[in-house]
Amino acid sequence: MANLTEVKVPDIGDASGVDVIEVLVSVGDEISVDDGLIVLETDKATMEVPASDAGVVKSIEVKVGDKVSEGDLIVKIEASESSNDDASDSDSESTEDSSADDSSENGDSQPSSAEESTEDKGEQKSSKPKSSGGSRSEPITIPDIGDSEGVEVIEVSVKAGDEVEQDDSLIVLETEKATMEVPSPFAGTVESMSVKVGDKVSQGDQIGTMKVTDDAGDDSSEDDPKEQASEPKAEKETSVKDQPMPKSEYKPAPVTVEPFERSEGDVIHASPAVRRLAREFGADLSKVKGSGRKNRIMKEDVQSYIKFELSRPKATANSGAGAPADLPEIDFSKFGEIEEKSLSRIQKISSVTLQRNWNLIPHVTQHDEADITELDEFRKSMKEEAAKEGVRLTPLAFIMKALVASLKAFPTFNSSLAADGETLILKKYFNIGVAVDTPDGLVVPVIRDVDKKSVYELATELGEMSEKARDKKLTAKDMQGSSMTISSLGGIGGTSFTPIVNWPDVAILGLSRNQVKPVWNGKDFEPRMMLPMSLSYDHRVIDGAVAARFTVHLSKMLADIRRTIL
Amino acid sequence: MSNLHAQVVVLGSGPGGYNAAFRAADLGMDVILIEKYASLGGVCLNVGCIPSKALLHTAKVIDEAEEMSAHGVDFGKPKLDIDKIRDYKDGVIKQLTGGLAGMAKGRKVKTVQGYGKFTGANEIEVEHDGKKQKVTFDHAIIAAGSRVVDLPFLPEDDRIVDSTGALELRDIPKHMLVIGGGIIGLEMATVYRALGAKITVVEMADQLIPAADKDVVKVLEKFIKGKYENILMETSVTKVEAKKDGLYVTFEGKNAPEKPQKFDMILSAVGRRPNGDLIDADKAGVEVTERGFINTDKQMRTNVPHIYAIGDIVGQPMLAHKATAESHVAAEVIAGKKHYFDPLTIPSVAYTDPEVSWVGLTEKEAKEQGIDYGVGKFPWAASGRAIGVDRKEGFTKLLFDKKNNRVIGGAIVGVNAGELIAEVGLAIEMGCDAEDIGLTIHAHPTLSESVTFAAEVYEGVCTDLPPQRKKK
């Protein structure tokens, strides 16, 4: 038999009364799950509302120009008998969702397992060829996210009941370096999500549970649907109780990245004793998030705020974003028309780190030119051959190889200064960071073990990393552990620049646009392709003479790439 | 001339001064407390809060005994022995000031009697009975208080007194004029009326106790109207002629009687002024404002970093409990603690009959500050307890910020209002909202219930009143 399913506007953030700018389906269309139904436009973005069910569109309840909010009806879909498990599962879900809306007696208002639906619907579906296999409830935990602990959740992309594919993004985290998505470890249905925006998570923290459908039929659910159904329920309860406590001492947004700020009209309340404590430590209560009833600031909040502040790296504490505050505010509009645009998230993050690095590191930039005439000829000659193997052979892959050769010759360049400022940590690995310009700002993915990889491999990996960077798929781990960083503006232009060292690196190699120049070979001027290099380095670690030797060495490597294999 | 030195010298031994001295001593510092009078405690204990409350207690019992005649219990006309009443009051003072002296001794706080004036940045000269003594200090806390404002046109006459003179209770006049309808004047009027005087109150403003909200004071005004001979609002005294048979007073203003009126006693209670101008603060480099106040930061520090000031001398409100709170801050800051004086609110109480109290913002202030506030008002006419004691004229009023329903102020008028207001102060300091107060169970039947009910009225959930217009 056929069921009519109502598809409603899902959680679209705070937005309500959002314009429908396009209707993508018509009555009679056969659609599958996740097919776009309509396109909404908020003040922030346009978004497609995907179908939660598969089936045939029976009626469309919105038209272009309508304003919709969460829960509004979009279309009615008839799920055909022949539709697969998926469809019937989601079918029953959405039916339940609608009943859950008016918080009915249906005690468990967040169903999502096929079993529950089966139970609820009674015989009606018992004949359904349910489950080629059983399904189980799996906790979703935070995977290895590098060293980062207590990383802030800035977006929860799924909710209970959502069907997700493996590697679909579940939540978005923000580290000091970048934002990253936590991919789903399984395909299945989200049962519960126990994190919310603003929570802090670390590796291993449970963020929710998921109903995973097994292919194997060994624990077939036909016999004991009840048990199956109650199991996830119990788990749900515990998952609420045992909500992973953020490991970080201090809950609110990390001040290093984005100072916690109360919106206007937000009332801070702290009792007299708490105010006294804050005064004693000079803690600004407006920056402390209250964990007490009605957001009251408790003594513990002040204590953890203080601990948090003390644990922050000193450099950021007395530099970074603090400086601009001293500057007077200028009303630019009195000079002419202006427009205000807030910095992107990545820009905000990098502004803090760049400021810190600039203040922390005594920079010197050494400029040099490398003759890459032969290198370029060789690269061009190999281009086609490489393309056949699916490799886009870029100069950068060669330059990385040359750089590794120079790092081997000058080990201090492959080092970091220990926190005590008295010890140099020399690295035996050769990982090269590559600054990638994305529409949202600058990120620096790291290519690992460059010394052990072929130029082809490097070229391929560079392509992948850049794509990952542009798709915002980089994880914190992808951006850690560099030996040195390359920032190339060669594709754009310029003759030299002064890059900022990407701490904890001690040097960064800036590349400008190569140019054919007349070079005196002792007898006459020869046209040579010259690559301008700008090497910024940490003068605490590297002396000027060594830096000059380094660029000379690197030029030599680039002049004849064969030297790198010597 | 002998010399004394202490880490901390406190000038003045009122509630601010003695608490500062005791706190400093408790924190391990050696302390000298300078007081011009023989007994410690300042105005509050000797000629202010405490003696007036002793007399107000007497007045209350007289009034209540009289009220009982309407309930079938007639005690007859009271026989007053003015000397014994005075003795009782003096006994109360003695007990408290004696207690202070003992506590000072127990803390090894050295008290020096005499009039202290600064002679340098680290030096005070104390004069007593013509003898001078130098006291040097590392830190000083100025707690020199305030004094009564004199009306220049009042002649010198025994029958014209200030609050100190009124508390001496020399005799009970037949007709008494109270100049100033503020807290002090009205409290003394309450005492003298109970003891048999016919009271006239004259006030320049359009309401008694001008700082409080009109609706609150209205209850007091209505209650005392029939009991007092006259209440002359928006009226002032222009001339007082002291004759043998009485004091002839000429009024001017809205309710001024045409002819001069005759009184047997005049209490001048038009306010107090700070004593900043009496201590040669400039010799220590401490700045004193034109009006006699000494400005401090939130740590009670004056412009001279090692000299602190607390109490009436640093500004309004001139209340003992404010001075006490400041005294601890000053002593603790000297002891190296990073403490600050930053209360959200300081309560005010008029111990009149009925009592009037308020804390936090008044409606007047909330309006001035442009706060969108809501009122929860519970009339005591609906309070079983108030009806039981036959005092249902009062009410309890709470103000809430509509943005978040937090309590921002409260005012209570009625018997025991001065005690009841404490809870509202705590609620403000703790950031309670209407729900918090409404959900806090209060004992029944008490007057304190009215605080809960007022919160419930604001929320629209009070069932101790006729049905309210629905709020939610």
Side-chain angles (χ1 to χ4, degrees), chain A residues 14 16 101-103 196-198 250-253 255 260-312 314 317-318 322, chain B residues 23 297-301 321-322 324-326 328-333 335-347 359-361 366 369-373 399-409 422-423 425-440 455 459:
Chain A
D14 294 336
S16 63
D101 276 347
D102 42 55
S103 68
K196 57 182 188 308
V197 171
Y250 180 57
K251 280 195 226 157
V255 184
F260 170 75
E261 263 171 35
R262 255 160 248 278
S263 51
E264 215 176 316
D266 244 4
V267 178
I268 311 167
H269 192 86
S271 70
V274 176
R275 297 204 293 272
R276 169 165 285 185
L277 181 72
R279 289 277 203 184
E280 280 174 359
F281 287 94
D284 180 355
L285 284 174
S286 71
K287 295 211 169 80
V288 180
K289 195 170 182 177
S291 69
R293 266 184 91 189
K294 294 166 186 169
N295 300 325
R296 283 174 200 132
I297 298 171
M298 315 300 278
K299 273 193 175 173
E300 292 76 11
D301 297 327
V302 176
Q303 283 160 348
S304 36
Y305 174 79
I306 294 161
K307 273 188 213 154
F308 173 80
E309 283 293 313
L310 289 175
S311 70
R312 279 170 60 186
K314 298 280 181 297
N318 51 30
Chain B
R23 186 76 186 110
D297 62 16
K298 281 196 158 190
Q299 292 192 302
M300 310 320 297
R301 205 182 270 116
H321 41 276
K322 187 205 72 164
T324 305
E326 290 172 341
H328 282 196
V329 172
E332 285 158 4
V333 170
K337 291 184 189 290
K338 280 183 75 179
H339 288 179
Y340 289 77
F341 181 71
D342 60 355
L344 291 183
T345 178
I346 300 164
V359 69
L361 297 182
Q369 294 177 23
I371 295 170
D372 185 17
Y373 69 95
L399 305 188
F400 298 93
D401 189 330
K402 277 194 183 164
K403 220 165 39 204
N404 47 35
N405 297 329
R406 285 221 171 107
V407 60
I408 54 170
E423 181 186 9
L426 182 66
I428 293 172
E429 288 289 357
M430 298 308 291
C432 292
D433 60 23
E435 214 176 7
D436 292 321
I437 300 171
L439 291 175
T440 299
E459 288 194 289

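Proteins come first, then strands; the chains are lettered A, B, ... in the order of their sequence lines, and each starts at number 1. These numbers come from the heavy atoms of this one structure, side chains and all, not from hydrogens, waters or symmetry mates.
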Task: Backbone of B:Glu429 reached by a side-chain donor or acceptor of A:His269 within 3.5 Å - done: yes
Open item on the list: Show the nearest heavy-atom pair for residues B:Met430 and A:Pro272, with the distance to one decimal.
Closed with: SD-CD, 4.2 Å
- [ ] Mind checking the CD-NZ spacing from A:Glu280 to B:Lys337? Nearest 0.5 Å is all I need.
- [x] 7.0 Å
Task: Toward chain A, the part of B:Leu344 with a non-hydrogen atom under 4.5 Å - done: both
- [ ] Specify the closest pair of heavy atoms between B:Lys338 and A:Gly282, including all atoms of both residues, with the distance to one decimal.
- [x] NZ-N, 4.1 Å
TODO: Applying salt bridge (Lys or Arg N to Asp or Glu O under 4.0 Å), name anything that partners B:Lys298, two or more places apart in sequence or on another chain.
DONE: none
Open item on the list: At a 4.5 Å cut-off on heavy atoms, which part of A:Ala273 comes close to chain B: side chain, backbone, both, or neither?
Closed with: neither
Task: Salt-bridge present (A:Lys294, B:Asp436; N to O < 4.0 Å) - done: yes
Task: Under 3.5 Å donor-acceptor, A:Arg276 side chain and B:His339 backbone - done: no
Task: Top contributor to chain B interface from A:Arg279, A:Arg293, A:Arg275 [non-hydrogen pairs under 4.5 Å] - done: A:Arg279
Open item on the list: Under 4.5 Å from any heavy atom of chain A, what part of B:Glu332 do you find: side chain, backbone, both or neither?
Closed with: side chain
